[in-house]
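Note on naming: letters A, B, ... go to the chains in the order of the sequence lines (proteins, then strands), and numbering restarts at 1 for each one.
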There are 2 protein chains.
Amino acid sequence: MSRDEKKQQTRKSLMDAALDLVGKGESLSSISLREVTKSAGVVPTSFYRHFSDMEELGLNLADELGMLLRKLMRAARQPDRSPQEQMLQSIDVYIDFVLQHRNHFAFMSQCRTAGTLALRNAIRNELKFFANELASDIRQTSLLAGISSQDLDVMCQLIVTTVADATVDILDLSNGSTDFRQEFSTTMVKKLDLIWQGAYAARSSSSVSSEPS
Amino acid sequence: MSRDEKKQQTRKSLMDAALDLVGKGESLSSISLREVTKSAGVVPTSFYRHFSDMEELGLNLADELGMLLRKLMRAARQPDRSPQEQMLQSIDVYIDFVLQHRNHFAFMSQCRTAGTLALRNAIRNELKFFANELASDIRQTSLLAGISSQDLDVMCQLIVTTVADATVDILDLSNGSTDFRQEFSTTMVKKLDLIWQGAYAARSSSSVSSEPS
DNA sequence: AGTTTCAGTGAACACGTGTACACAAAGCTA
DNA sequence: TAGCTTTGTGTACACGTGTTCACTGAAACT
């Protein structure tokens with residue numbers, strides 16, 4: 001194994017170790033460098049060969065999360081169907097995806113509002129990017145033909161924050177009731193449906209209070 | 001000063017010290033007991049006269065937050081107006097309220113998704129309570145007459161999570177551009193308006209995919 | 001083959017941590 | 001006034017922390 005491969009490997013094991021600790025319930029901000037290195041099976045000083053800081057490690061985790069979100073986007077893209085069918089299936093895909101990457105999404109959930117300013121911004125940018133992708137996807141389907149670009153953006157932001165917000169529920173509930181999916185899905189559908197109908201109503205009826213003259 | 005008064009006073013100064021540190025950007029989970037007592041001007045061991053734990057202190061902060069939210073609810077209740085006027089003014093009231101209680105809302109923002117399970121649940125319960133109050137308020141105005149009880153609940157949850165989510169923006173942006181209010185308000189209005197229109201559309205047209213037979 | 005580069009080691013440091021304990025002093029009760 | 005109660009103090013301990021430094025050994029290069 002080449003030296004560079006070896007380095008990338010321990011680097012990954014450091015990131016995974018941090019992610020594991022987050023998944024186990026610790027907050028990233030309270031995880032110590034030594035904990036991470038211990039859990040990764042290296043000596044504390046090795047840490048500095050890869051990151052100068054726990055925050056830098058966090059930012060790299062945010063990058064990883066970004067790549068995951070792009071992968072999710074691809075997985076969720078589906079052939080044309082009715083909005084409702086697509087909604088239901090997307091929720092299902094999302095739940096699977098979150099459960100399949102528990103640690104990353106626990107990381108996302110907690111660092112989106114807690115954590116350093118830089119870290120928060122990094123994650124918010126990833127989510128903003130995701131929202132923009134979603135918007136351009138919807139724009140192509142012409143399911144909401146006639147909606148203003150601004151309204152579409154707002155709707156997508158709303159969807160993304162709503163889903164991101166509900167993610168912690170997926171993580172919490174999934175160790176417990178077996179049929180949490182049913183309950184979760186139905187209330188999630190209601191939320192998204194409400195947003196969708198709101199956007200549909202806003203279609204070609206200009207927004208209420210943002211047109212001064 | 002009576003002994004009990006004195007005790008309540010240092011207890012409060014401990015809670016305020018913790019809150020201050022949170023407001024300064026630290027995460028509650030990474031604040032040490034000693035930091036708190038130092039900042040409160042007492043010796044570390046005194047802490048145990050009031051709380052057994054930093055988590056217990058956090059739970060008490062969550063209670064304080066709950067009281068604040070009730071106060072906010074009262075402040076935001078307004079004589080009958082058009083939904084749009086009320087929306088605009090409520091946003092204004094909320095921004096003022098958040099800026100007036102920066103630390104509490106920074107605490108809310110970060111502990112809603114990070115922090116202990118117990119702490120998260122405590123804050124989520126406060127927000128749930130708030131959403132329920134909002135629902136019963138709206139129910140009385142009959143502005144959304146004909147809406148199903150479930151849809152109303154969903155709408156209120158959506159509003160509360162959306163506002164709670166945007167709170168971190170208020171805190172971040174308020175040290176910066178002077179007219180952040182303008183920008184923030186307009187996008188916030190758009191979001192709430194979209195939700196409102198969604199609920200309005202759902203009025204007496206039963207939900208899409210939750211009626212099996 | 002000889003030399004250089006560098007990921008990982010291990011000991012050491014100064015310091016912050018949570019918590020236990022005995023003690024002081026001021027309020028309360030009798 | 002005497003005695004009990006209890007908030008806050010000071011000291012002490014064992015331990016975890018981030019970071020430093022000189023080091024080893026093997027891969028990579030010449």
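Other residues, nucleotides and ligands contribute more than 12 heavy atoms inside 6.0 Å of the CE atom of B:Met73.
Residue B:Lys7 places at least one side-chain N or O under 4.0 Å from the OP1 or OP2 atom of D:dT7.
Between the side chains of B:Asp96 and B:Gln100, no donor-acceptor pair of N or O atoms lies under 3.5 Å. Under 3.5 Å, the side chains of A:Arg139 and A:Ser149 contain a donor-acceptor pair of N or O atoms. No side-chain N or O of B:Arg181 forms a donor-acceptor pair with one of B:Ser174 less than 3.5 Å apart. Side-chain contact annotation: B:Glu56 with B:Ser52, donor-acceptor N/O pair under 3.5 Å present. Between the side chains of B:Ser109 and B:Thr167, no donor N or O sits under 3.5 Å from an acceptor N or O.
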TODO: Sugar-phosphate means primed atoms, P, OP1 and OP2; the rest is base. With that split, encode nucleotides 20-30 of chain D 5' to 3' as B, S or - using protein heavy atoms under 4.0 Å.
DONE: BB----BBS--
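Taking atom CG of A:Asp53 as the reference point, atom P of D:dG18 lies 10 Å away to the nearest angstrom. Rounded to whole Å, atom C1' of D:dG18 lies 15 Å from atom CG of A:Leu57. Summarising the geometry, the separation between CZ on B:Phe47 and P on C:dA20 is reported as 13 Å, rounded to the nearest angstrom. The interatomic distance linking B:Glu26 (CD) with C:dT17 (P) rounds to 10 Å, in whole Å. Rounded to whole Å, atom P of C:dT19 lies 15 Å from atom CZ of B:Phe51. Rounded to whole Å, the distance from NE2 on B:His50 to C1' on D:dT9 is 13 Å. Atom CE in B:Met54 sits roughly 11 Å away from atom P in C:dT19 (whole-Å rounding). Whole-Å rounding puts the B:Glu55 CD to C:dG18 P distance at 14 Å.
Seen from the ring of B:Phe129, B:Arg70 counts as a face-on cation partner, given the 6.0 Å and 45° thresholds.
Contact check on A:Asp169 versus B:Arg124 returns a salt bridge, with a Lys/Arg side-chain nitrogen under 4.0 Å from an Asp/Glu carboxylate oxygen.
Considering only residues two or more places apart in sequence or on other chains, A:Tyr94 meets the ring-ring contact (aromatic ring centres under 6.0 Å, His included) condition with A:Phe105.
Comparing C:dT19, D:dG8, C:dG10 by their closest approach to the side chain of A:Val43 singles out C:dG10.
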Expected rows: protein N/O vs nucleotides 14-17 of chain D N/O, under 3.5 Å:
residue : atom : partner : partner atom : Å
D:dT17  : OP1  : A:Ser32 : OG           : 2.5

